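Report on one structure; see the data block that follows.
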Amino acid sequence: MSKNIIVIGSCNTDMVIKADRLPVPGETIIGGSFMMNPGGKGANQAVAAARLKGNVHFIAKTGNDLFGKRSIEQYEDEGIHVENIYSDPTLPSGVALIMVDMNGENSIAIASGANGSLSPEDIRKAQPTIEKGDILLMQLEIPIETVEYAAQIASEQGIKVILNPAPARALSNKLLQNLYMIIPNETEAEILSGVKVTDWESARKAADIISAKGVDIVVITLGSKGALIKEKDTFHEVPVPKVKAVDTTAAGDTFCGALCVALSEDVDVLDAVKFANKCASITVTRMGAQPSLPYRKEIDVL
């Protein structure tokens with residue numbers, strides 16, 4: 001049987017405008033194109049894993065509104081188990097406003113809505129599902145106390161807890177000690193380590209500091225350079241395929257979902273990161289968050 005990947009995190013509706021450049025404060029830019037898509041880091045990672053043939057259970061919270069109901073329908077269409085997506089009776093579903101420039105760089109503002117009320121009590125309700133998992137993947141667009149609680153109960157059950165610490169923030173040593181793997185980008189790695197990450201050497205220094213806090217494996221993503229792995233005392237520099245970026249939104253989410261799928265298939269960490277890099281390189285060649293996430297058949301062709 002396929003191993004169970006449990007994703008706990010946010011789900012949003014993304015409203016995206018692509019323009020020639022990002023506006024500066026106080027500026028209005030006329031022109032560009034608009035689209036509205038499902039998003040949220042948790043949902044993106046769940047959909048990415050499902051499209052890559054992972055067996056995914058998604059734990060999240062929406063509002064009792066059209067956005068939330070439509071999101072759940074879309075997750076079901078992707079083959080995701082949705083029995084632990086809860087509805088908040090008072091708060092709206094999460095919304096993200098995204099600007100993307102002609103080089104694929106983005107600027108994002110998020111109204112968390114019901115994502116902010118996903119609580120430890122919700123995790124307790126979902127605990128039977130979590131305990132059947134082999135891998136638990138989380139991010140930081142939900143309350144930190146919820147992330148910490150889920151990590152603790154999963155770690156106690158011997159489940160591999162993987163954290164993508166985004167959006168960037170400081171983390172407690174208690175949380176870090178419950179992790180099997182952490183996947184920060186350069187900014188997040190700097191906040192966790194105090195080391196400004198600009199190249200492979202500085203990434204190694206940051207990974208050393210982060211792993212010393214109790215995380216088994218550190219994978220730092222470096223954008224177009226690729227990813228650095230620190231596993232025990234071994235480092236690997238894993239380059240990414242060269243492509244023309246159109247929109248970098250959800251590239252990191254694709255990477256995280258793909259990495260979990262590969263690990264669920266008993267692939268070693270180095271080959272799992274290589275697989276994740278390939279998947280993320282496809283995502284950046286397309287517009288949008290979930291619409292850009294690749295399917296397994298595309299990776300198999302590569």
Side-chain angles (χ1 to χ4, degrees), residues 1-14 37-62 67-86 93-94 96 115 118 126 128-139 141-142 150 154 159-164 166 181 183 249-267 272-273 275-302:
M1 294 180 63
S2 299
K3 292 186 176 180
N4 291 320
I5 299 170
I6 314 298
V7 181
I8 302 178
S10 59
C11 51
N12 295 325
T13 297
D14 290 349
N37 301 307
K41 294 194 73 64
N44 292 347
Q45 293 179 16
V47 172
R51 288 188 181 178
L52 295 167
K53 301 300 183 184
N55 186 29
V56 180
H57 297 254
F58 187 31
I59 301 170
K61 204 163 206 178
T62 69
F67 286 162
K69 292 172 183 175
R70 178 59 183 143
S71 294
I72 292 173
E73 291 174 358
Q74 290 168 324
Y75 305 148
E76 289 179 317
D77 290 343
E78 298 284 358
I80 295 170
H81 302 278
V82 298
E83 63 272 13
N84 295 117
I85 298 181
Y86 306 112
S93 297
N115 293 308
L118 184 65
T129 297
I130 295 170
E131 291 179 347
K132 294 176 184 176
D134 299 280
I135 294 170
L136 171 61
L137 174 62
M138 294 187 288
Q139 323 75 32
E141 288 183 343
I142 57 175
I159 298 164
K160 291 179 177 177
V161 182
I162 299 176
L163 179 67
N164 173 217
M181 179 185 291
I183 312 173
T249 306
D253 297 331
T254 302
F255 183 95
C256 293
L259 184 51
C260 288
V261 170
L263 293 174
S264 77
E265 297 175 357
D266 296 323
V267 173
V273 170
F275 175 75
N277 271 345
K278 289 179 183 178
C279 297
S281 71
I282 291 178
T283 294
V284 301
T285 65
R286 303 168 176 170
M287 280 294 297
Q290 288 175 33
S292 71
L293 305 177
Y295 290 88
R296 185 61 173 260
K297 59 187 178 183
E298 297 177 84
I299 312 306
D300 291 340
V301 168
L302 284 179

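What you are looking at is a predicted structure, and each value in this text was computed from that prediction instead of being measured.
Only one option out of Thr283, Asp253, Thr254 pairs with Asn44 in a side chain to side chain donor-acceptor pair (under 3.5 Å); it is Asp253. Remark: of the listed residues Asn55, Thr129, Asn4, Asn55 is the sole one forming a side chain to side chain donor-acceptor pair (under 3.5 Å) with His81.
Atom-to-atom distance recorded for Tyr295:OH and Ile282:CD1 is 12.5 Å, nearest 0.5 angstrom. Lys61 NZ to Tyr86 OH: the interatomic distance, rounded to the nearest 0.5 Å, is 9.0 Å. Here CG of Asp14 is found 7.5 Å from CD of Gln290. Values are rounded to the nearest 0.5 Å. Distance check: His57 NE2 to Ile130 CD1 gives 11.5 Å after rounding to the nearest 0.5 Å. Expressed to the nearest 0.5 Å, how far CD of Gln139 lies from CD1 of Ile8 amounts to 9.0 Å. Atom CE of residue Met138 and atom NZ of residue Lys41 lie 14.5 Å apart, to the nearest 0.5 angstrom.
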- Would you please test Glu141 and Asn12 for side chain to side chain contact (heavy atoms under 4.5 Å, CB included) and show each step? CA-CA 10 Å; Glu141 288 183 343; Asn12 295 325; 4.0 Å; yes
- Message: Using the rule given for side chain to side chain contact (heavy atoms under 4.5 Å, CB included), can you reason through Lys3 versus Asp266, listing the C-alpha separation, both sets of side-chain angles and the distance that settles it, and then say yes or no?
- Response: CA-CA 10 Å; Lys3 292 186 176 180; Asp266 296 323; 2.7 Å; yes
- Item | side chain to side chain contact (heavy atoms under 4.5 Å, CB included) evaluation trace for Glu78 with Gln74 | CA-CA 6 Å; Glu78 298 284 358; Gln74 290 168 324; 5.7 Å; no
- Task: Check the pair Thr62 / Cys11 against side chain to side chain contact (heavy atoms under 4.5 Å, CB included), numbers first and verdict last.
- Result: CA-CA 7 Å; Thr62 69; Cys11 51; 3.5 Å; yes
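Minimum interatomic distance between Ala258 and Ala276 (heavy atoms only, all atoms of both residues): CB-CA, 3.7 Å. Scanning both residues, Cys260 and Ile135, for their nearest heavy atoms gives O-CD1, 3.5 Å. Residues Val56 and Ala50 share a closest heavy-atom pair of CG2-N, 3.7 Å. The shortest non-hydrogen separation linking Gly94 to Asn115 is CA-ND2, 3.7 Å. Considering every non-hydrogen atom in both Gly133 and Ile6, the closest pair reads CA-CG1, 3.8 Å. Considering every non-hydrogen atom in both Val7 and Gly42, the closest pair reads CG1-O, 3.5 Å.
No side-chain N or O of Asp77 forms a donor-acceptor pair with one of Tyr75 less than 3.5 Å apart.
Looking only at side-chain heavy atoms (C-beta outward), Ile85 and Phe58 come within less than 4.5 Å of each other. You'll find the side chain of Leu259 stays beyond 4.5 Å of the side chain of Ile162, heavy atoms only. Residues Pro294 and Arg286 are in side-chain contact: their nearest non-hydrogen atoms beyond the backbone lie under 4.5 Å apart.
Under 4.0 Å is where a charged nitrogen must lie from a carboxylate oxygen, and between Arg296 and Glu265 at least one such pair does.
Scored by the ring-ring contact (aromatic ring centres under 6.0 Å, His included) test, Phe255 finds no partners at all (sequence neighbours excluded).
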